[in-house]
Amino acid sequence: MEAQQAQGLLETQPLHETDEETVTDTDFTSMISEEEREELKIELAKLEDEISTLRQVLAAKEKHLAEIKQKLGINLMNELKQNFSKSWHDMQTTSAYKKTHETLSHAGQKATAAISNVGTAISKKFGDMRNSPTFKSFEEKVETTVTSLKTQVGGTSHSGGSFEEVLSSTAHASARGSITGTPLPENEEELPC
């Protein structure tokens, strides 16, 4: 029965705006005596006075703090740097950071090893490709074309000349042509066969 009475005293529905207005509109002054009212007014005045005093003290202390910081050369940027440094240091000392750092370091080492292995594999593939019959055939065709061009330009035929040699001989032929006044052929029809 006590449970039913206690449950009846407690409301299960939340207060609505109308209920809140009723509470604020209720006149509690009729419930207290004149003597209590005077004591409460005195206490209220004291509290307001104390709050005002505390605000003034706080303002004075903040002003004094700003003056000291100015004398020490501490500005907002320095404070931010100090706060950041302290926070960074605090974070680095946490076990979560240490574990994460260790894990990422280990992963970085594995990634470096993997990249190194890929580089080695690519180098080996290029080496294998260069030794393949297809590449050899391509290399021979290029060499034959270079030799043919050298012969047509007027140089002597050097079998197996490198690209640098071809450039050099072409430059010599060009220089020789300009010294002797003989113009170099402009198109294929002018080339001697």
Side-chain angles (χ1 to χ4, degrees), residues 1-132 134-135 138-139 142 163-164 167:
M1 184 150 163
E2 283 182 34
Q4 287 177 350
Q5 281 181 333
Q7 213 171 24
L9 295 176
L10 298 177
E11 293 218 10
T12 57
Q13 299 295 324
L15 287 177
H16 299 288
E17 280 186 37
T18 54
D19 295 332
E20 291 173 5
E21 289 172 4
T22 306
V23 170
T24 56
D25 290 341
T26 306
D27 186 16
F28 290 106
T29 56
S30 62
M31 296 179 173
I32 57 173
S33 68
E34 280 299 316
E35 188 178 302
E36 287 177 325
R37 175 180 279 168
E38 287 302 316
E39 287 177 14
L40 288 174
K41 282 184 179 181
I42 293 170
E43 187 176 349
L44 178 65
K46 284 181 182 179
L47 284 175
E48 288 174 345
D49 211 22
E50 285 178 19
I51 290 171
S52 176
T53 304
L54 288 172
R55 284 187 179 141
Q56 291 172 357
V57 169
L58 180 61
K61 290 201 181 271
E62 286 176 338
K63 183 179 177 185
H64 186 63
L65 175 73
E67 290 171 356
I68 291 173
K69 284 182 177 181
Q70 186 178 15
K71 287 178 184 177
L72 291 174
I74 299 173
N75 58 21
L76 181 61
M77 187 57 77
N78 290 342
E79 282 188 80
L80 288 174
K81 285 179 185 177
Q82 287 174 350
N83 288 344
F84 180 75
S85 294
K86 184 181 182 317
S87 297
W88 179 249
H89 180 269
D90 291 347
M91 186 191 66
Q92 285 179 322
T93 58
T94 63
S95 62
Y97 176 85
K98 289 177 182 175
K99 287 179 183 177
T100 304
H101 184 280
E102 184 180 306
T103 303
L104 291 177
S105 177
H106 187 65
Q109 290 170 353
K110 284 190 174 189
T112 302
I115 290 171
S116 175
N117 289 341
V118 168
T120 303
I122 290 173
S123 296
K124 186 178 182 307
K125 262 307 189 201
F126 279 132
D128 292 347
M129 186 178 77
R130 186 143 195 241
N131 293 329
S132 72
T134 307
F135 189 82
F138 175 74
E139 191 175 33
V142 170
F163 185 70
E164 289 84 16
L167 285 177

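In this text the structure is predicted, and so the values were computed from the model without any measurement.
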Colleague: To the closest 0.5 Å, what do you measure between OG (S33) and CD (E39)?
Modeller: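 Taking OG in S33 and CD in E39, the distance rounds to 7.5 Å.
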Colleague: Considering residues, nucleotides and ligands other than E38, do more than 12 of their heavy atoms fall under 6.0 Å from its CD?
Modeller: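 Result for CD/E38: enclosed.
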Colleague: How many angstroms lie between CG in N117 and OG1 in T112, if you round to the nearest 0.5 Å?
Modeller: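 One finds 11.0 Å between CG of N117 and OG1 of T112.
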Colleague: Applying side-chain hydrogen bond (donor to acceptor under 3.5 Å, both in side chains), can you list everything that pairs with D49, at least two apart in sequence or on another chain?
Modeller: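 Scan of D49 (side-chain hydrogen bond (donor to acceptor under 3.5 Å, both in side chains), adjacent residues dropped) gives none.
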Colleague: Can you tell me how far apart NZ (K124) and CG (D128) are? Round to the nearest 0.5 Å.
Modeller: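 So the gap between those two atoms works out to 4.0 Å.
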Colleague: Go through the structure and list residues passing side-chain hydrogen bond (donor to acceptor under 3.5 Å, both in side chains) with E79, not counting sequence neighbours.
Modeller: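 With sequence neighbours excluded, E79 shows a side-chain hydrogen bond (donor to acceptor under 3.5 Å, both in side chains) to K69, given in chain and number order.
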Colleague: Quick one: CG on L58 to CD1 on I51, what's the gap to the nearest 0.5 Å?
Modeller: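 The distance works out to 13.0 Å.
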Colleague: Mind telling me whether H101 and Y97 have parallel, tilted or perpendicular rings, with 30° and 60° as the class edges?
Modeller: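 Tilted: the ring planes of Y97 and H101 meet at 30° to 60°.
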Colleague: Is it the case that over 12 heavy atoms from other parts of the model lie below 6.0 angstrom from the CE atom of M129?
Modeller: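 Counting neighbours around CE of M129, more than 12 heavy atoms of other residues, nucleotides or ligands fall under 6.0 Å, so yes.
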Colleague: Other residues, nucleotides and ligands only: do more than 12 of their heavy atoms fall within 6.0 Å of CD on Q70?
Modeller: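 Not more than 12 within 6.0 Å, no.
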Colleague: Determine whether H89 and K86 make a side-chain contact, defined as any pair of heavy atoms from C-beta on separated by less than 4.5 Å.
Modeller: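 No, side chains not in contact.
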Colleague: If you compare all heavy atoms of D90 against all heavy atoms of T94, which two are closest, and at what distance to 0.1 Å?
Modeller: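 Answer, listing the atom of D90 first, then T94: O-CG2, 3.4 Å.
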Colleague: Mind running salt bridge (charged side-chain N to carboxylate O under 4.0 Å, His left out) on R37 and E34 for me, showing each step along the way?
Modeller: CA-CA 5 Å; R37 175 180 279 168; E34 280 299 316; 3.3 Å; yes
Colleague: Answer yes or no: are there more than 12 heavy-atom neighbours, outside E43 itself, under 6.0 Å from its atom CD?
Modeller: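 Incorrect, the count does not exceed 12.
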Colleague: Which value, rounded to the nearest 0.5 Å, describes the distance between E67 atom CD and L72 atom CG?
Modeller: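 Between E67 CD and L72 CG, I get 12.0 Å after rounding to 0.5 Å.
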Colleague: Would you say S52's side chain and E48's backbone share a donor-acceptor pair under 3.5 angstrom?
Modeller: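 Pair absent, no side-chain N/O of S52 close to backbone of E48.
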